[in-house]
Amino acid sequence: MGGSSLAPEVICNTADVALTVLDTTDPDQVRRALDDRLDRTVVVVSSKSGSTVETDSHRRIYEQAFRSAGIDPAERIVVVTDPGSPLEQAAVEAGYTIFLADPNVGGRYSALSAFGLVPSALAGAEVEQLLDDAAEVLPSLALNEGNPGLALGAALGGAALAGRDKLILEDQLTEINGLPDWIEQLVAESTGKQGKGILPVVAAEPTGARDELVVAIESDDGDVRVDGPLGAQFMVWEYATALAGLVLGVNPFDQPDVAESKDNTTRVLDGPRPPRSPCWSTGPSRSTARAGPATCQACSPSCSRRCPPTATWPSWPTSTGWPPSTLPCRRTPTSSR
């Protein structure tokens, strides 16, 4: 999800090779992915922390699907994670192929690490050329003059300090497919904190507003132009974004809001479950004016309300729509009875 999926998606779209990115827990999308040529599927499970609940859920679902289809999950699941993560431990125990990434590289800066390269290479993209293009631009990023990353970063940070903090990304003339989607998360998550930040805008035309900075990829239709193949673009934008964060006075490598959200989710999942309110479900005569036998569906040894196992509800006029499919617990007074 996020930095672990956006880069390989851009790489594969640009190389015109098929890659399905499952970065949601929406049941319909998960089902569509499971039903799509499972017998020919290799699953790359990517997680830096190795503890992301959604990613681990995807892994477990595919494990079950492979076993149900008579396929050994160890032959189809590849794991990309940081050394020492819970996911690495689980992968070792399951016999999965493992690629360990550099733990010092954040997810949104990981386009040219194992997180970006492994799924792209398995999908059929020429990652060697991607790395060659990145290596070619790398020496220029150490220069005081003629440094594309320095120029772009200074433009981004300086414009934001001057009130031009809406970054319009123009990519209509480039052959790179989907790069602004990756740039959006890189810039927004790196600079958006402490009440500061740069707001990237994707797939929108410039309006001429005074708070806009238009950056054009391989064209002259903007205030700033950024040239180069995809590997070079990854390098230049990562460098520039880090520099822009420093210009704004924020740490471009941390993500306090993301960490806080994960911590809150973990606390909720690990904490006690809230009490479940028992309800009554009507019996066979729910479509008539008189309710039939009703049974408390939520009663259990842990229920504190001690509802009787069965009961009969009184008659209700048909016009009121009673009885509904569920009724409140008998011991809970309501004004609607």
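Residue indices begin at 1 and follow the sequence shown. From a predicted model like this one, the values you see are computed outputs, not experimental measurements.
- Taking every heavy atom of both residues into account, Ile11 and Ala125 meet most closely at CG2-CB, 3.9 Å.
- Note on Arg37 versus Asp39: no salt bridge recorded, every NZ/NE/NH1/NH2 to OD/OE distance being 4.0 Å or above.
- Counting all heavy atoms, side chain and backbone alike, Ala101 lies closest to Ala114 at CB-CB, 4.4 Å.
- Contacts of Asp223 classified as side-chain hydrogen bond (donor to acceptor under 3.5 Å, both in side chains), with partners at least two apart in sequence or in another chain: Arg164.
- Neither Leu179 nor Leu199 shares a network with the other; the hydrophobic side chains, linked directly or stepwise wherever heavy atoms of I, L, V, M, F, W or Y lie under 4.5 Å apart, form separate groups for each.
- Under 4.0 Å is where a charged nitrogen must lie from a carboxylate oxygen, and between Arg31 and Asp35 at least one such pair does.
- Between the CG atom in Leu152 and the OH atom in Tyr239 there is a gap of 11.0 Å [rounded to 0.5 Å].
- Summarising the geometry, atom OH belonging to Tyr96 is positioned 4.0 Å from atom CD1 belonging to Ile77; distances are rounded to the nearest 0.5 Å.
- Applying the under-4.5 Å side-chain rule to Ile, Leu, Val, Met, Phe, Trp and Tyr, the cluster around Val92 extends to Ile98, Leu100.
- Applying the 6.0 Å contact sphere to CG of Asp16 captures no more than 12 heavy atoms from other residues, nucleotides or ligands.
- Note: Asp165 CG to Leu213 CG = 10.0 Å, rounded to the nearest 0.5 Å.
- Ion pairing between Glu189 and Arg108 holds under the 4.0 Å rule for side-chain N and carboxylate O.
- Side-chain contact between Asn177 and Asp171 is absent, with no heavy atoms from C-beta onward closer than 4.5 Å.
- Side-chain contact annotation: Gln172 with Glu218, donor-acceptor N/O pair under 3.5 Å absent.
- Here Glu126 contributes atom CD and Thr14 contributes atom OG1; the two are 12.5 Å apart, rounded to the nearest 0.5 Å.
- The closest side-chain heavy-atom distance from Leu156 to Trp237 is below 4.5 Å.
- Salt bridge present: Arg59 and Asp56 bring a charged side-chain N and a carboxylate O closer than 4.0 Å.
- For the residue pair Ser219 / Glu170, no side-chain donor-acceptor distance below 3.5 Å is found, with atom types taken as modelled.
- Atom OG of Ser190 is separated from atom CD of Gln185 by 8.0 Å, given to the nearest 0.5 angstrom.
- In this structure, Phe234 and Trp182 have perpendicular ring planes: the angle between them is above 60°, well past the 30° mark.
- With contacts defined as side-chain heavy-atom distances shorter than 4.5 Å, the pair Pro8/Leu19 qualifies.
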**Request:** Start with the C-alpha distance between Ile71 and Arg76, add both sets of side-chain angles, then the distance that settles side chain to side chain contact (heavy atoms under 4.5 Å, CB included), and finish with yes or no.
**Result:** CA-CA 8 Å; Ile71 301 172; Arg76 299 298 186 89; 3.6 Å; yes
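- Hydrophobic clustering, defined by side-chain heavy atoms of Ile, Leu, Val, Met, Phe, Trp and Tyr closer than 4.5 Å, groups Val201 together with Ile168, Val214.
- Using a 4.5 Å heavy-atom cutoff, the side chains of Val30 and Ile61 are in contact.
- Contact annotation: the side chain of Val45 approaches that of Leu87 to within less than 4.5 Å [non-hydrogen atoms, C-beta and beyond].
- Legend: residues meeting side-chain hydrogen bond (donor to acceptor under 3.5 Å, both in side chains) with Thr41, ordered by chain and number and at least two apart, are absent.
- If you check the side chains of Asn13 and Glu9, you find no donor sitting under 3.5 Å from an acceptor.
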**Message:** Under the criterion side chain to side chain contact (heavy atoms under 4.5 Å, CB included), I'd like the reasoning laid out for Ile198 against Leu248: C-alpha separation, chi angles, the key distance, then a yes or no.
**Reply:** CA-CA 9 Å; Ile198 298 170; Leu248 291 173; 4.0 Å; yes
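- Residues Pro148 and Ser140 form a side-chain contact, since some pair of their non-hydrogen atoms from C-beta on lies under 4.5 Å apart.
- The side-chain heavy atoms of Lys193 and Asp254, taken from C-beta on, include a pair separated by under 4.5 Å.
- Put simply, the side chain of Val79 does not reach to within 4.5 Å of the side chain of Glu88, judged on heavy atoms.
- Apart from Phe115 itself, the hydrophobic cluster it occupies contains Val42, Val44, Val78, Val80, Phe99, Val118, Leu122, where clustering links Ile, Leu, Val, Met, Phe, Trp and Tyr at side-chain heavy-atom distances under 4.5 Å.
- Under a 4.0 Å N-O distance rule, the pair Asp72/Arg67 does not qualify as a salt bridge.
- A side-chain contact (heavy atoms from CB on, under 4.5 Å) with Ser5 holds for exactly one of Val10, Asp23, Thr55; it is Asp23.
- The side-chain hydrogen bond (donor to acceptor under 3.5 Å, both in side chains) search around Tyr62 returns none, not counting sequence neighbours.
- Smallest separation of non-hydrogen atoms from Pro200 and Leu169: CB-CD1, 4.4 Å.
- Taking CG of Leu186 as the reference point, atom OG1 of Thr241 lies at 3.5 Å (rounded to 0.5 Å).
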